[in-house]
Trainee: 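First, the structure itself, so that you have it in front of you.
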Amino acid sequence: MKTGLTTAGAIAIGAFALVGTATANAADKADAPDGVTAYSVEADFEDVRFGLENAIINRGLVIDYTSHIGDMLARTSADVGGTKQIYANAQAMLFCSADLSRKVMEADPANIAYCPYTLFIYDTPDAEGTVTVGFRRLSETGSDTSKAAIGDINTLLDAIAQEAVSE
């Protein structure tokens, strides 16, 4: 099956993943709910947000939507009985990969549920300067082909998150 990656591209991604793992360990693996992978780093929110955006775009991917979660929660707080400011900044970036999406959906059309992919970034008022980047790990289910394709997406999301906190 054609994956869309050249051998050189696969080697580069593999090498990047190794470098990304080493540098992300300089950041902390953040506490996160089950099924969520997150990394924290001491840095300016806007710098890490810019790094996350570039980590996505530099892979030839297009950010379809940026959700300004922190702004929405702040704006609606009084309307829903909010009692505290949850985030200093919080966003989620949504995007897809034509290559990986095709691969995962050819394995099982129901895998459309996984697209678009989402990476989140936030800092909190009590820990400004500590920025967390992460993603919800996709459940690797179905046929072996489906599991492998979903695993490739999880690998991509992890590499992007690690790159964002290592710059």
Side-chain angles (χ1 to χ4, degrees), residues 3-6 8-74 85-104 111 113-140 148-167:
T3 64
L5 281 179
T6 63
I11 291 169
I13 289 172
F16 173 76
L18 290 174
V19 170
T21 300
T23 57
N25 288 338
D28 295 326
K29 188 131 186 189
D31 288 330
D34 287 344
V36 174
T37 299
Y39 303 95
S40 292
V41 64
E42 297 295 321
D44 178 72
F45 177 84
E46 284 301 320
D47 290 343
V48 180
R49 189 209 58 76
F50 185 69
L52 175 59
E53 183 177 330
N54 283 331
I56 295 168
I57 293 169
N58 289 343
R59 286 172 170 77
L61 304 169
V62 175
I63 299 169
D64 295 316
Y65 182 72
T66 299
S67 178
H68 298 273
I69 299 165
D71 293 345
M72 178 274 300
L73 289 172
Q85 180 183 357
I86 302 167
Y87 301 106
N89 301 281
Q91 296 181 4
M93 295 181 189
L94 287 70
F95 62 96
C96 269
S97 160
D99 181 49
L100 291 176
S101 293
R102 172 158 294 281
K103 186 175 166 184
V104 77
N111 286 338
Y114 294 130
C115 194
Y117 318 130
T118 303
L119 284 153
F120 62 81
I121 179 171
Y122 70 87
D123 63 356
T124 60
D126 59 334
E128 283 189 74
T130 300
V131 181
T132 301
V133 176
F135 64 98
R136 181 177 44 222
R137 192 164 280 286
L138 305 180
S139 180
E140 296 176 21
I150 295 166
D152 290 345
I153 295 168
N154 284 328
T155 299
L156 171 69
L157 294 172
D158 194 53
I160 292 170
Q162 289 189 48
E163 181 178 336
V165 297
S166 67
E167 294 196 2

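Keep in mind that what you see is a predicted model, and the values were worked out from it rather than measured.
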Trainee: Of the non-hydrogen atoms in Val48 and Ala43, which two are nearest, and what is the gap between them?
Mentor: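 What the structure gives for the nearest pair is CG2-CB, 3.6 Å.
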
Trainee: CZ/Arg59 to CD1/Ile57 distance, rounded to the nearest 0.5 angstrom?
Mentor: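 One gets 11.5 Å once the value is rounded to the nearest 0.5 Å.
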
Trainee: Would you name the heavy atoms of Ala161 and Gly134 that are closest together and state the gap between them?
Mentor: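 Nearest pair, atom of Ala161 first, then Gly134: CB-CA, 4.5 Å.
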
Trainee: Rounded at 0.5 Å granularity, tell me how far CZ in Phe45 sits from OG1 in Thr132.
Mentor: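 With rounding to 0.5 Å, CZ (Phe45) is 10.0 Å from OG1 (Thr132).
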
Trainee: With sequence neighbours left out, write down each residue that passes side-chain contact (heavy atoms from CB on, under 4.5 Å) with Ala149, or none if nothing qualifies.
Mentor: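 In terms of side-chain contact (heavy atoms from CB on, under 4.5 Å), with neighbours along the sequence ignored, Ala149 is linked to Lys103, Val104.
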
Trainee: With sequence neighbours excluded, what pairs up with Arg136 under the side-chain contact (heavy atoms from CB on, under 4.5 Å) test?
Mentor: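 Arg136 satisfies side-chain contact (heavy atoms from CB on, under 4.5 Å) with no other residue.
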
Trainee: CD1/Ile63 to CE/Met93 distance, rounded to the nearest 0.5 angstrom?
Mentor: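 These two atoms lie 5.0 Å from each other.
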
Trainee: For Ala74, what residues pass the side-chain contact (heavy atoms from CB on, under 4.5 Å) criterion, not counting sequence neighbours?
Mentor: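 Expected list: none.
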
Trainee: Side-chain donor-acceptor pairs under 3.5 Å in residues 117-125, sequence neighbours left out?
Mentor:
unit_1: Tyr117; atom_1: OH; unit_2: Ser101; atom_2: N; d: 3.4
unit_1: Tyr117; atom_1: OH; unit_2: Ser101; atom_2: OG; d: 2.8
unit_1: Asp123; atom_1: OD1; unit_2: Asn89; atom_2: N; d: 2.9
unit_1: Asp123; atom_1: OD1; unit_2: Asn89; atom_2: ND2; d: 2.9
unit_1: Asp123; atom_1: OD2; unit_2: Asn89; atom_2: ND2; d: 3.4
unit_1: Thr124; atom_1: OG1; unit_2: Asp126; atom_2: OD1; d: 2.7
unit_1: Thr124; atom_1: OG1; unit_2: Ala127; atom_2: N; d: 3.4

Trainee: What is the distance from atom CD1 of Ile153 to atom CZ of Phe135, rounded to the nearest 0.5 Å?
Mentor: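 Output value for this atom pair is 11.0 Å.
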
Trainee: Is there any salt bridge (charged side-chain N to carboxylate O under 4.0 Å, His left out) pair reaching into residues 30-52, and which pairs are they, with sequence neighbours excluded?
Mentor: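 Salt bridge (charged side-chain N to carboxylate O under 4.0 Å, His left out) check on residues 30-52 returns Glu46-Arg49, Arg49-Glu53.
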
Trainee: What is the minimum heavy-atom distance between Ala92 and Leu94, and which atoms define it?
Mentor: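 That would be O-CD1, 3.8 Å.
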
Trainee: Can you tell me how far the CD atom of Glu163 sits from the CG atom of Asn58, to the nearest 0.5 Å?
Mentor: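 It comes to 7.0 Å.
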
Trainee: With sequence neighbours left out, write down each residue that passes side-chain contact (heavy atoms from CB on, under 4.5 Å) with Ser139, or none if nothing qualifies.
Mentor: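 Applying side-chain contact (heavy atoms from CB on, under 4.5 Å) to Ser139 gives Tyr114, Thr141.
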
Trainee: Would you check if Leu156 and Leu61 make a side-chain contact, meaning some heavy-atom pair closer than 4.5 Å?
Mentor: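 The answer is yes; the side chains approach within 4.5 Å.
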
Trainee: Nearest 0.5 Å, what's the NZ-CD distance between Lys29 and Gln162?
Mentor: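 The NZ atom of Lys29 sits 7.5 Å away from the CD atom of Gln162.
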
